[in-house]
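Here is the naming used below: chain letters follow the sequence lines, and residue numbers restart at 1 for every chain.
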Amino acid sequence: MKIGYPCINNSLKVTTFKTFRLGSYSDERFKETVSYNLANLRNILEFNIRHDLKFFRIGSGLIPLASHPVCVFPWREYFKKEFSEIGEYIAKHGLRISMHPDQFTLINALGEEIISRSIKEIEYHTDVLDLFGLDPSHKVQIHVGGAYGDKEKSIARFISNYNKLSEKIKNRLVIENDERLFSLKDCLFISKQTGVPVILDTLHHKLNNNGESLAQAVNSAAKTWKNIDGVPMTDYSSQAPDKRTGAHTNSIDTEDFKKFLSAASGIDLDIMLEIKDKEKSALLAIEILNNNL
DNA sequence: AATGGTCAAGTCAGC
DNA sequence: GCTGACTTGACCATT
């Protein structure tokens, strides 16, 4: 069981997603920014190892504008050495990595252009993990996409477009239940048709479910992960008190997390804590796991 | 140095 | 119709 947090480390005053405007694109600017982001990534990963945080989501801004037509710079080649060094570090320390392309990534969209841009974006993410030299247990997670007024057709379109993806992408892609359109049940249906593993998001599941208990949900999502996919990943969070429904809590709710652990007992999971204070709560989660809290 | 408008991309809910 | 939310605010022109 590995514990992690997404994208941002608040203890270190650095980020891995420095960017620039499309209008100020230049190869120089791009190279500078990517070098900066990769160096910071290395720092954050080293922090994680020092603190036994073995699961990390790398933010999509690592390579700015990577899938945009303006970016013709051969970054895959140019940063090959940096990528392989970081990748070796990840493998050596048994870190688990995930990535999560943003909301514009919709392989079930109605427009062909949107779909092809989305595939390019997913390809960028899988390329990063490939350049690290990581095995297929390091995943790229997306949501099913839009409903477009007809959920069934939109699910069918997801399945048909998924089936057309390259093996390279299919090896890494996993789908996550969302908080209002596609529930865990929908994701499991898609998984049955395609073999795509399902990431359970506990807060989304609380808001959008079909009456399954948390234990059933964890169990059924976990079953969609094959050996080659590694230990099932889960996105854990809880509701922020006094904020809009679906807002992630600022810091870990100890009791809620313990309930989650007991619902998941007997199942090996890697847990991504989608909590605002990031590594701080992840460290608390480790304490809870070790029965120190 | 501080600030406010704006930023590649899509969809949906809530007002 | 507009705004905020989504895994995450940051960039940059202007003052």
**Distance-only donor-acceptor check, side chains A/S11 and A/E279, under 3.5 Å** = yes
**Item:** Whole-Å C1' distance, B/dA1 and C/dT8
**Value:** 25 Å
**Message:** Measuring only the C1' atom in each nucleotide, how far is B/dG10 from C/dC11? A whole number of Å is fine.
**Reply:** 22 Å
**Message:** Please give the distance between the C1' atoms of B/dC7 and C/dG4 as a whole number of Å.
**Reply:** 16 Å
**Whole-Å P distance, B/dT6 and C/dT3** = 11 Å
**Prompt:** Would a 4.5 Å heavy-atom cut-off, applied to side chains only, mark A/Y5 and A/K280 as touching?
**Reply:** no
**Complete:** In whole angstroms, the gap separating P of C/dT8 from CE of A/M272 amounts to 12 Å
**Prompt:** Over how many whole Å does the gap from A/Y36 atom OH to C/dA10 atom C1' extend?
**Reply:** 11 Å
**Prompt:** Is there a side-chain polar atom (N or O) of A/H204 under 4.0 Å from OP1 or OP2 of C/dT7?
**Reply:** yes
**Rounded distance in Å - CG (A/N177) to P (C/dT7)** = 11 Å
**Request:** Please work out which of the three classes, parallel, tilted or perpendicular, describes the rings of A/H93 and A/Y89, given edges at 30° and 60°.
**Result:** tilted
**Request:** Determine: side-chain N/O of A/K276 to OP1/OP2 of C/dT7, distance under 4.0 Å, yes or no.
**Result:** no
**Asked** Considering heavy-atom distances to DNA chain C, does A/T19 or A/H248 have its closest nucleotide positioned more toward the 5' end?
**Response** A/H248
**Complete:** Picking from B/dA8, C/dC12, C/dG9, the nucleotide nearest the side-chain atoms of A/F20 would be C/dC12
**Request:** Please measure how far the P atom in C/dG9 lies from the corresponding atom in B/dT11, and state the result in whole Å.
**Result:** 24 Å
**Item:** Closest listed nucleotide, where the reference is the side chain of A/S67 and the choices are C/dT7, C/dT8, B/dA8
**Value:** B/dA8
**Asked** So which nucleotide does C/dC2 pair with, by the Watson-Crick or G-U wobble rule with both distances under 3.5 Å?
**Response** B/dG14
**Request:** Indicate, with a heavy-atom threshold strictly under 4.0 Å, whether A/S24 touches base, sugar-phosphate, or nothing.
**Result:** sugar-phosphate
**Message:** In terms of relative ring orientation, are A/Y25 and A/F30 parallel, tilted or perpendicular, with 30° and 60° separating the classes?
**Reply:** tilted
**Asked** Do A/E123 and A/K120 meet the salt-bridge criterion of a basic N to acidic O distance under 4.0 Å?
**Response** no
**Message:** Please classify the nucleic acid contact of A/Q141 as base, sugar-phosphate, or nothing, using heavy-atom distances under 4.0 Å.
**Reply:** nothing
**Asked** Any idea which of C/dT7, C/dC11, B/dC12 is nearest the A/Q103 side chain?
**Response** C/dT7
**Asked** Is there a side-chain contact between A/M272 and A/F56 (heavy atoms, below 4.5 Å)?
**Response** no
**Message:** With the criterion set at under 5.5 Å between ring centres and under 30 degrees between planes, would B/dG10 be stacked on A/F104?
**Reply:** no
**Message:** Tell me which nucleotide, if any, is Watson-Crick or G-U wobble paired with B/dA9 when both distances must be under 3.5 Å.
**Reply:** none
**Item:** Proximity to the side chain of A/R29 - top-ranked nucleotide from B/dA13, B/dA9, C/dC11
**Value:** C/dC11
**Prompt:** Atom CG of A/D201 and atom C1' of C/dC6: how far apart are they, to the nearest Å?
**Reply:** 11 Å
**Request:** Kindly point out which of B/dA9, B/dA8, B/dC12 is positioned nearest to the side chain of A/R117?
**Result:** B/dA9
**Minimum-distance nucleotide (side-chain atoms of A/F17 versus C/dC11, B/dA9, C/dT8)** = C/dT8
**Message:** Using the side-chain heavy atoms of A/R21, tell me which of these nucleotides is nearest: C/dT8, C/dA10, C/dT7.
**Reply:** C/dA10
**Prompt:** Given atom CD of A/E113 and atom P of B/dT11, what is their separation to the nearest angstrom?
**Reply:** 13 Å
**Request:** Let me know the distance between CD of A/E179 and P of C/dC6, rounded to the nearest Å.
**Result:** 7 Å
**N/O (side chain, A/H100) to phosphate O (OP1/OP2, C/dC6) under 4.0 Å** = no
**Request:** Select base, sugar-phosphate, or nothing to describe what A/G146 touches, counting heavy atoms under 4.0 Å on all strands.
**Result:** sugar-phosphate
**Request:** Among B/dT11, C/dT7, B/dA9, find the nucleotide with the atom closest to the side chain of A/Y148.
**Result:** B/dT11
**Message:** Measure CG/A/L65 against P/B/dA8 and give the value in whole Å, please.
**Reply:** 7 Å
**Message:** Side chain of A/L181 only, heavy atoms from C-beta on: which candidate in C/dC11, C/dG9, B/dA13 is closest?
**Reply:** B/dA13
**Item:** Parallel, tilted or perpendicular, as decided by the 30° and 60° cut-offs, for the rings of A/Y124 and A/W75
**Value:** perpendicular
**Message:** With rounding to the closest Å, how many angstrom separate the P atoms on C/dC6 and C/dA10?
**Reply:** 15 Å
**Message:** If I take atom CG in residue A/L106 and atom P in nucleotide B/dA9, what distance separates them, rounded to the nearest angstrom?
**Reply:** 14 Å
**Request:** Identify whether any heavy atom of A/K278 sits under 4.0 Å from a base atom; if not, whether one sits that close to sugar-phosphate; answer base, sugar-phosphate or nothing.
**Result:** sugar-phosphate
**Prompt:** Do A/D277 and A/S281 meet the criterion of a side-chain donor-acceptor pair at a distance under 3.5 Å?
**Reply:** yes
